[in-house]
Amino acid sequence: MAISSYHVPRKAILTTENLKAFQESETYVDIVNYIETLNESILGVKLSDDCSVSPGVDAILVVLNKVEQVAKNTPPVNNSGSRFGNPAFKTFYDKVAELAPSLHSNLPGFPHEATPEVSVYFTESWGNRTRVDYGSGMELNFLCWLFCLQRLGVVQESDHTALVVRVFWRYVQVMRVLQSSYWLEPAGSHGVWGLDDYHFLPFLFGSAQLRGIVPNKIIRQLHNESVGHKYIRPKSIHDADVVEEYSKYYMYLACIKFINSIKTASLRWHSPMLDDISGVKTWEKVNSGMIKMYLAEVLGKLPVVQHFLFGSILPFPGGLPPQSQNGEQDAHSGPGHGERGGPDGAGWGDCCGIPLPSAFGAAAESRNDRMRLQGPAIRPVPFD
């Protein structure tokens with residue numbers, strides 16, 4: 001994709017009018033089409049299935065491995081008195097931001113001049129430095145990063161399956177390390193806009209895996225055939241043996257296993273949305289419902305999408321508004337954002353609500369020996 005000039009992406013959605021303009025824009029259509037295309041590329045595909053891995057995909061996986069190594073080399077500080085985000089995450093974030101240019105330089109065919117623009121999506125994929133939190137908005141940044149890499153020729157359409165079952169799933173695995181090591185707070189307190197405390201897309205893509213290849217619609221209607229995995233149904237998330245056995249193959253069940261590993265109460269108590277979805281009859285309906293929910297609850301909600309970053313590859317319709325005088329581009333600055341611990345007690349404002357403690361922090365607090373919970377060392381704890 002030929003672009004005359006690149007520039008550092010920044011926010012542009014400040015009002016409901018801006019949101020409406022975004023939803024009617026080519027950028028919005030591109031993002032939605034990208035999600036749907038990736039979704040279709042993994043129908044019936046297991047995480048363990050062989051798929052074509054191009055040099056571009058291999059290079060991206062190397063980048064993700066290096067990010068994980070940065071986290072392992074940046075251990076959490078002693079923060080046992082708090083259930084909130086560990087300050088060491090800020091050090092991790094700064095290290096990744098510093099490494100971003102060199103990491104991008106090793107991507108095949110990546111234009112050097114695009115680094116300042118594309119690296120912002122990459123850096124903001126790992127969480128917010130100010131709040132030490134993570135949510136579906138940061139997850140969207142990673143999707144935008146992949147979109148940019150495809151537009152720039154690092155990966156191709158033929159890589160779509162690998163981008164989901166290899167690259168995106170590796171990203172989620174690295175995020176689990178960050179979430180459990182640094183006790184990242186769930187971003188937002190008004191329902192979090194994720195299906196677990198942090199993520200949305202693994203459930204969307206995971207339901208596509210279980211949905212399988214859709215047969216001829218007329219034939220299916222004539223024979224009243226259901227669509228999806230031969231044995232696993234949406235209600236199977238309540239079967240511990242099924243979740244344990246198949247979590248290695250399907251993102252959806254892997255995410256359920258993750259939730260069960262840190263919260264011991266029934267899903268209907270701590271994850272009522274997932275519990276409701278388990279009552280749907282087919283994976284086809286779950287998958288189509290997930291896409292509709294993503295459009296409504298992530299791309300359609302101002303508190304989330306106001307943090308969307310626009311540049312030259314993903315432009316804002318009509319051009320970006322003038323930049324604020326202070327030049328702040330923190331994802332949680334601007335309208336609707338109070339100062340943490342401010343005199344008015346407003347927390348972080350309407351966007352982010354009150355800070356939410358990490359489930360990992362709650363887990364650590366519940367343990368009598370007060371040992372820190374780090375990385376994959378996750379223990380079941382009662383939901384509180």
Minimum heavy-atom separation for [X] to [Y], with atom names?
{"X": "Pro111", "Y": "Tyr6", "answer": "CG-OH, 3.9 Å"}
{"X": "Gly85", "Y": "Glu185", "answer": "N-OE2, 3.2 Å"}
{"X": "Pro76", "Y": "Ala88", "answer": "CA-CB, 3.7 Å"}
{"X": "Pro234", "Y": "Ile277", "answer": "CB-O, 4.1 Å"}

In sequence, state the C-alpha distance, the side-chain angles, and the governing distance for Phe22 and Phe316, and then conclude on ring-ring contact (aromatic ring centres under 6.0 Å, His included). CA-CA 7 Å; Phe22 167 63; Phe316 185 72; 7.6 Å; no

Do side-chain atoms of [X] reach the backbone of [Y] as a donor and acceptor pair under 3.5 angstrom?
{"X": "Thr74", "Y": "Ala71", "answer": "no"}
{"X": "Tyr28", "Y": "Lys20", "answer": "no"}
{"X": "Ser181", "Y": "Val177", "answer": "yes"}
{"X": "Thr27", "Y": "Pro315", "answer": "yes"}
{"X": "Arg166", "Y": "Ser52", "answer": "no"}
{"X": "Asp159", "Y": "Ala162", "answer": "no"}
{"X": "Asn287", "Y": "Phe205", "answer": "no"}
{"X": "Asn18", "Y": "Thr15", "answer": "yes"}
{"X": "Glu139", "Y": "His199", "answer": "no"}
{"X": "Thr115", "Y": "His112", "answer": "yes"}

Which donor-acceptor pairs under 3.5 Å do side chains of residues 241-249 form with protein atoms, sequence neighbours excluded?
from	atom 1	to	atom 2	distance (Å)
Ser247	OG	Val243	O	3.1
Ser247	OG	Glu244	O	3.4
Lys248	NZ	Glu245	O	2.9

Does the Lys NZ or Arg CZ of Arg176 fall within the cation-pi geometry relative to Phe258 - under 6.0 Å from the ring centre and within 45° of the axis?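 The answer is yes; both the distance and angle limits are met.
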
Does a sphere of radius 6.0 Å around [atom1] in [X] hold more than 12 heavy atoms from other residues, nucleotides or ligands, not counting ones at 6.0 Å or beyond?
{"X": "Asp50", "atom1": "CG", "answer": "no"}
{"X": "Glu113", "atom1": "CD", "answer": "yes"}
{"X": "Glu98", "atom1": "CD", "answer": "no"}
{"X": "Met293", "atom1": "CE", "answer": "yes"}
{"X": "Lys95", "atom1": "NZ", "answer": "yes"}

Identify whether the distance between the nearest side-chain nitrogen and carboxylate oxygen of Arg129 and Glu124 falls below 4.0 Å.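 Not counted as a salt bridge, because no side-chain N and carboxylate O are separated by less than 4.0 Å.
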
Start with the C-alpha gap between Ile60 and Arg170, add the side-chain angles, then the distance that decides, and say whether side-chain contact (heavy atoms from CB on, under 4.5 Å) holds. CA-CA 10 Å; Ile60 295 172; Arg170 181 69 182 117; over 6 Å; no

Side chain to side chain, Arg10 and Phe310, heavy atoms closer than 4.5 Å: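 A side-chain contact under 4.5 Å is absent here.
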
Within-4.5 Å side-chain heavy-atom neighbours: Tyr294 and Leu201: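 Side-chain contact under 4.5 Å: yes.
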
Are Phe147 and Tyr121 close enough that their ring centers fall under 6.0 Å?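 No: the rings miss the under 6.0 Å criterion.
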
Would you please say whether a donor-acceptor pair under 3.5 Å links the side chains of Asn65 and Gln69?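 Per modelled atom types, Asn65 and Gln69 side chains form no pair under 3.5 Å.
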
Pick one: which of Phe110, Tyr34, Phe122 meets ring pair (Phe, Tyr, Trp, His ring centres under 6.0 Å) with Trp145?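 Going through Phe110, Tyr34, Phe122 one by one, the ring pair (Phe, Tyr, Trp, His ring centres under 6.0 Å) with Trp145 is satisfied by Phe122 alone.
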
Among Tyr250, Tyr252, Trp283, which residue satisfies the ring pair (Phe, Tyr, Trp, His ring centres under 6.0 Å) criterion with His229?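 Running ring pair (Phe, Tyr, Trp, His ring centres under 6.0 Å) over Tyr250, Tyr252, Trp283 with His229 returns exactly one hit, Tyr250.
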
Do Val8 and Leu309 sit in one hydrophobic cluster, given that two such residues count as connected whenever their side-chain heavy atoms are within less than 4.5 Å of each other, even indirectly?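 As far as the 4.5 Å side-chain criterion goes, Leu309 and Val8 are connected within one cluster.
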
What do the steps show when you test Leu99 against Val67 for side-chain contact (heavy atoms from CB on, under 4.5 Å), and what is the final call? CA-CA 9 Å; Leu99 280 174; Val67 171; over 6 Å; no

Assess the residue pair Ser312 and Glu117 against the criterion (side chain to side chain donor-acceptor pair (under 3.5 Å)); give the C-alpha distance rounded to whole Å, side-chain angles, the decisive distance to 0.1 Å, and a yes or no. CA-CA 8 Å; Ser312 63; Glu117 178 168 340; 2.6 Å; yes

Can Lys292 and Glu297 be said to form a salt bridge (Lys or Arg N to Asp or Glu O under 4.0 Å), step by step? CA-CA 9 Å; Lys292 292 176 183 176; Glu297 300 299 326; over 6 Å; no

